[in-house]
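The structure appears right after this line, and notes come after that.
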Amino acid sequence: MNEARIDKWLWAARIFKTRSIAADACKNGRVTMGGVNVKPSRPIKEGEIIHVKKPPITYSFKVLKTIEQRVGAKLIPEVYENVTDPKQYELLEMSRISGFVNRARGTGRPTKKERRALDAFVDPALFGFDDEFDED
């Protein structure tokens, strides 16, 4: 087989957990080839480079083997080569170190401690708002 659908390949190469997630990523513009968004049905060939955006970084993979059936994790090095720019991994590490925790949707309201930290971070005095409200 010298061609494979990109959504099937992304799933088979274990880049996405399910094929439907891989297809959604293609539809939503998170998968590109040569700077162009691709549809889930686009055929790929060996030697092509695929860019996958998984915030905060963009991974790049070189296709070594076109497959449409999921393979074991030990066989992944035969399927693709990770050619992601090292600067992307630095960006990932910086976002981890920065301390900003991206609150997952549906995890509920912030705790009192988190609320105070947010209020201290977005202090109105920093923006000069407290002068506007003084009527005295």
Side-chain angles (χ1 to χ4, degrees):
M1 184 188 322
N2 56 0
E3 279 190 354
R5 282 177 56 117
I6 193 162
D7 63 338
K8 283 187 179 182
W9 185 85
L10 288 168
W11 166 75
R14 296 177 175 267
I15 294 167
F16 289 103
K17 193 171 183 177
T18 65
R19 184 171 161 206
S20 60
I21 294 172
D24 287 342
C26 293
K27 289 175 193 168
N28 295 329
R30 291 192 298 268
V31 179
T32 58
M33 291 178 66
V36 179
N37 293 346
V38 295
K39 292 182 178 179
S41 61
R42 183 179 186 301
I44 58 165
K45 297 182 178 103
E46 294 175 6
E48 291 183 316
I49 307 254
I50 298 169
H51 303 283
V52 180
K53 291 181 193 127
K54 287 187 175 183
I57 70 172
T58 302
Y59 295 95
S60 301
F61 303 105
K62 182 177 182 184
V63 180
L64 301 178
K65 192 176 184 181
T66 55
I67 58 170
E68 288 192 346
Q69 294 295 316
R70 200 158 171 108
V71 294
K74 290 182 180 178
L75 300 176
I76 293 300
E78 300 171 14
V79 177
Y80 67 80
E81 179 183 351
N82 190 345
V83 291
T84 306
D85 187 19
K87 290 179 183 175
Q88 294 289 327
Y89 288 113
E90 290 175 22
L91 189 70
L92 180 65
E93 192 60 33
M94 290 302 288
S95 70
R96 256 190 218 138
I97 293 172
S98 71
F100 174 72
V101 178
N102 199 3
R103 178 174 287 280
R105 190 172 187 170
T107 56
R109 295 170 52 183
T111 63
K112 187 183 262 188
K113 183 178 179 181
E114 291 170 336
R115 181 79 235 161
R116 287 180 178 155
L118 284 168
D119 287 343
F121 180 71
V122 187
D123 187 8
L126 294 175
F127 302 106
F129 291 132
D130 58 350
D131 294 333
E132 289 180 28
F133 300 111
D134 289 340
E135 299 277 334
D136 298 344

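Quick caveat, the model's predicted, so the values are computed rather than measured.
Applying the 6.0 Å contact sphere to NZ of Lys39 captures no more than 12 heavy atoms from other residues, nucleotides or ligands. Counting heavy atoms of neighbouring residues, nucleotides and ligands inside a 6.0 Å radius, atom CZ of Arg116 does not exceed 12 of them.
Atom NZ of residue Lys8 and atom CZ of residue Arg70 lie 14.0 Å apart, to the nearest 0.5 angstrom. Here the straight-line distance linking atom CD1 of Ile57 with atom CD of Glu90 works out to 11.0 Å at 0.5 Å rounding. If you take CD1 on Ile44 and CZ on Phe61, they are separated by 11.5 Å, rounding to the nearest 0.5 Å. Expressed to the nearest 0.5 Å, how far CG of Leu10 lies from CZ of Arg30 amounts to 11.5 Å. Within the model, atoms NZ of Lys65 and CD of Glu81 stand 15.5 Å from one another, a figure rounded to the nearest 0.5 Å.
Heavy-atom minimum distance, Ser60 versus His51: OG-ND1, 2.8 Å. Here the closest non-hydrogen pair linking Glu3 and Pro43 is OE1-CB, 3.7 Å. For the residue pair Glu46 and Thr66, the shortest heavy atom distance occurs at N-CG2, 3.9 Å. Closest non-hydrogen pair, Ala23 versus Pro40, comes out as O-CG, 3.7 Å.
Note on Asp7 versus Arg5: salt bridge recorded, some NZ/NE/NH1/NH2 to OD/OE distance being below 4.0 Å.
Residues Ile76 and Ile21 share a single hydrophobic cluster, defined by chaining ILVMFWY side chains whose heavy atoms lie under 4.5 Å apart. By the rule that hydrophobic residues join a cluster once side-chain heavy atoms approach within less than 4.5 Å of another member, Leu75 and Phe16 end up as members of one cluster. In the hydrophobic clustering of ILVMFWY residues, with side-chain heavy atoms under 4.5 Å counting as a link, Ile67 and Met33 come out together. Each of Ile49 and Ile6 belongs to its own hydrophobic cluster when Ile, Leu, Val, Met, Phe, Trp and Tyr are linked at side-chain heavy-atom distances under 4.5 angstrom.
In this structure, the side chains of Tyr80 and Ile15 come closer than 4.5 Å at one or more pairs of heavy atoms. Put simply, the side chain of Gln88 reaches to within 4.5 Å of the side chain of Thr58, judged on heavy atoms. Using a 4.5 Å heavy-atom threshold, the side chains of Val79 and Trp9 count as touching.
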For the pair Glu78 and Val71, evaluate side-chain contact (heavy atoms from CB on, under 4.5 Å) and give the outcome as yes or no after the intermediate values. CA-CA 10 Å; Glu78 300 171 14; Val71 294; over 6 Å; no

